[in-house]
Chemist: 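Let me give you the structure first, and then I'll get to my questions.
Quick caveat, the model's predicted, so the values are computed rather than measured.
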Amino acid sequence: MHAQTESSPAPTRPPAGPDPAYSSWPPLNRTQATLLALTALAYLIVIAGVLLDTALVDLDWWARLVRPYHRWPELEPLLSAWVVAGQRGPSAIAAGGWLLWRACRTHTARPLLVMATALLLLNVTVGTVKIVTGRLGPHYAHYVGSAELFSGGTVFPSGHTANAVVTWGVLAYLAARWRRTGAVLAGATACSIGLTTVYLGTHWVSDVLAGWAAGLLVLLALPLAEPLLTSVAGRFAARRRGPGRARSLPVDPEAARAPATGLTPPRLVPRPRPAPSGSTDPRGTP
């Protein structure tokens, strides 16, 4: 009898298709998609309410005439300092330190990419409306219904409020193990920043409502960008390791340990490496 050997099949290349980083992120579930749609609708309603001079504008004038900074002047020094937490520069510097530490700890650029994407989306959703409306702040209102309120200002929506929602909300979004606690703290910060601008008279009530909606809209839309961000982070990591080392996608350890939710990316598995040519079946059939 002639000895027969069973050779392993020739190695095959993985089937062509989308990058695993793009296909691993689940789409928005029904609840998240509904929240995203409702937030977008609320944002449009506030914009229309201001442009069409509805009852929302009457609320603005009521808050303006109350002048809370005159009624409770003792709060002004504290709140004037606290409102800085909503400014782009100081908040970005404070958040950037934690994001850089997180990126170094997890060996992935994903935290920095998520924040950069969120701020870019914020500039689009808020900056566009600011340019279109050109609304001035309450300090420029000389009489009720003055037409000069739409003569080149940039207060609508409130950038302080929207930036507070996005900056501190992204930190909660990335802090997988402390997401619920972070979400509560971020929400409290964003709410207090918005109300503080009304107290100081730098924003109308509708400015703050639009800022909350715009910031929340960015946070709810972030999961849609995650496949691309994860893929870009993986490419950065592979380029840093060099071509001689095994290529795999970076995994955020805290995100991997976090409970599976619609906002937590699943564990990414490296691509299988093809077996070397000429290998034999380990069973070695005689």
Chemist: Given the rule that I, L, V, M, F, W and Y join up when any side-chain heavy atoms are under 4.5 Å apart, are I131 and F150 in one cluster?
Modeler: no
Chemist: How many angstroms lie between atom CD1 of I193 and atom CG of L79, to the nearest 0.5 angstrom?
Modeler: 9.0 Å
Chemist: For residues 79-92, pull every pair meeting side-chain hydrogen bond (donor to acceptor under 3.5 Å, both in side chains), keeping only residues two or more places apart or in separate chains.
Modeler: W82-S192, R88-N123, R88-N163, S91-N163
Chemist: Is it possible for you to say whether I93 and V166 belong to one hydrophobic cluster, with membership spreading through side-chain heavy-atom contacts below 4.5 Å?
Modeler: no
Chemist: List the atom of A213, the atom of T39, and the distance in Å for their closest heavy-atom pair.
Modeler: O-CG2, 3.4 Å
Chemist: Sequence neighbours left out, what passes side-chain contact (heavy atoms from CB on, under 4.5 Å) with L121? Give chain and number order.
Modeler: T117, V218
Chemist: For the residue pair V205 and L59, what are the closest heavy atoms and their distance?
Modeler: CG1-CD2, 3.8 Å
Chemist: With a 4.5 Å cut-off on side-chain heavy atoms, are L222 and V170 touching?
Modeler: yes
Chemist: Taking the side chain as C-beta and beyond, is there a heavy-atom pair between R67 and Y69 under 4.5 Å?
Modeler: yes
Chemist: Do R110 and R102 make a side-chain contact, defined as non-hydrogen atoms from C-beta onward lying under 4.5 Å apart?
Modeler: no
Chemist: Does some side-chain heavy atom of L56 sit less than 4.5 Å from a side-chain heavy atom of V50?
Modeler: yes
Chemist: Just verifying a value: how many Å separate L174 CG and L99 CG, rounded to the nearest 0.5 Å?
Modeler: 6.5 Å
Chemist: Do you know which of L217, L41, T31 makes side chain to side chain contact (heavy atoms under 4.5 Å, CB included) with L36?
Modeler: L217
Chemist: Give every residue pair that meets the side-chain hydrogen bond (donor to acceptor under 3.5 Å, both in side chains) criterion with at least one member in residues 40-58, sequence neighbours excluded.
Modeler: none
Chemist: Distance from T167 atom OG1 to L219 atom CG, nearest 0.5 Å?
Modeler: 9.5 Å
Chemist: Examine V84 and V198 and state if one hydrophobic cluster contains both, with Ile, Leu, Val, Met, Phe, Trp and Tyr joined whenever side-chain heavy atoms are less than 4.5 Å apart.
Modeler: no
Chemist: Just verifying a value: how many Å separate L224 CG and L229 CG, rounded to the nearest 0.5 Å?
Modeler: 11.0 Å
Chemist: With L120, which residues qualify under side-chain contact (heavy atoms from CB on, under 4.5 Å), at least two apart?
Modeler: none
Chemist: Excluding sequence neighbours, so at least two apart, what forms side-chain hydrogen bond (donor to acceptor under 3.5 Å, both in side chains) with T197?
Modeler: none
Chemist: Specify the closest pair of heavy atoms between G182 and A172, including all atoms of both residues, with the distance to one decimal.
Modeler: C-CB, 3.3 Å
Chemist: On a heavy-atom basis, which atom in L171 and which in W98 lie closest, and how many Å separate them?
Modeler: CD2-CE3, 3.6 Å
Chemist: Nearest 0.5 Å, please: how far is CG in L185 from OG1 in T181?
Modeler: 7.0 Å
Chemist: Ignoring hydrogens and angles, tell me if any N or O in the side chain of Y199 forms a donor-acceptor pair with the backbone of E76 under 3.5 Å.
Modeler: yes
Chemist: Between T125 (side chain) and L122 (backbone), is there a donor-acceptor pair under 3.5 Å?
Modeler: yes
Chemist: Ignoring hydrogens, what is the shortest heavy-atom contact between E226 and V114? Give both atom names and the distance.
Modeler: OE2-CG2, 4.0 Å
Chemist: How far does CD1 of I47 sit from CG of L209, to the nearest 0.5 angstrom?
Modeler: 12.0 Å
Chemist: Which atom names give the shortest non-hydrogen contact between A190 and W212, and what distance separates them?
Modeler: O-NE1, 3.1 Å
Chemist: Might you work through the side chain to side chain contact (heavy atoms under 4.5 Å, CB included) test for T108 and T230, ending with a clear yes or no?
Modeler: CA-CA 9 Å; T108 172; T230 305; over 6 Å; no
Chemist: For residues 132-139, please give each side-chain donor-acceptor pair under 3.5 Å, one per line with the distance, not counting sequence neighbours.
Modeler:
residue : atom : partner : partner atom : Å
T133    : OG1  : V129    : O            : 2.8
T133    : OG1  : F156    : O            : 3.4
R135    : NH1  : S206    : OG           : 2.7
R135    : NH1  : D207    : OD1          : 3.0
R135    : NH2  : D60     : OD2          : 2.9
H139    : NE2  : L200    : O            : 3.4
H139    : NE2  : G201    : O            : 3.3

Chemist: Determine whether H160 and V208 make a side-chain contact, defined as any pair of heavy atoms from C-beta on separated by less than 4.5 Å.
Modeler: no
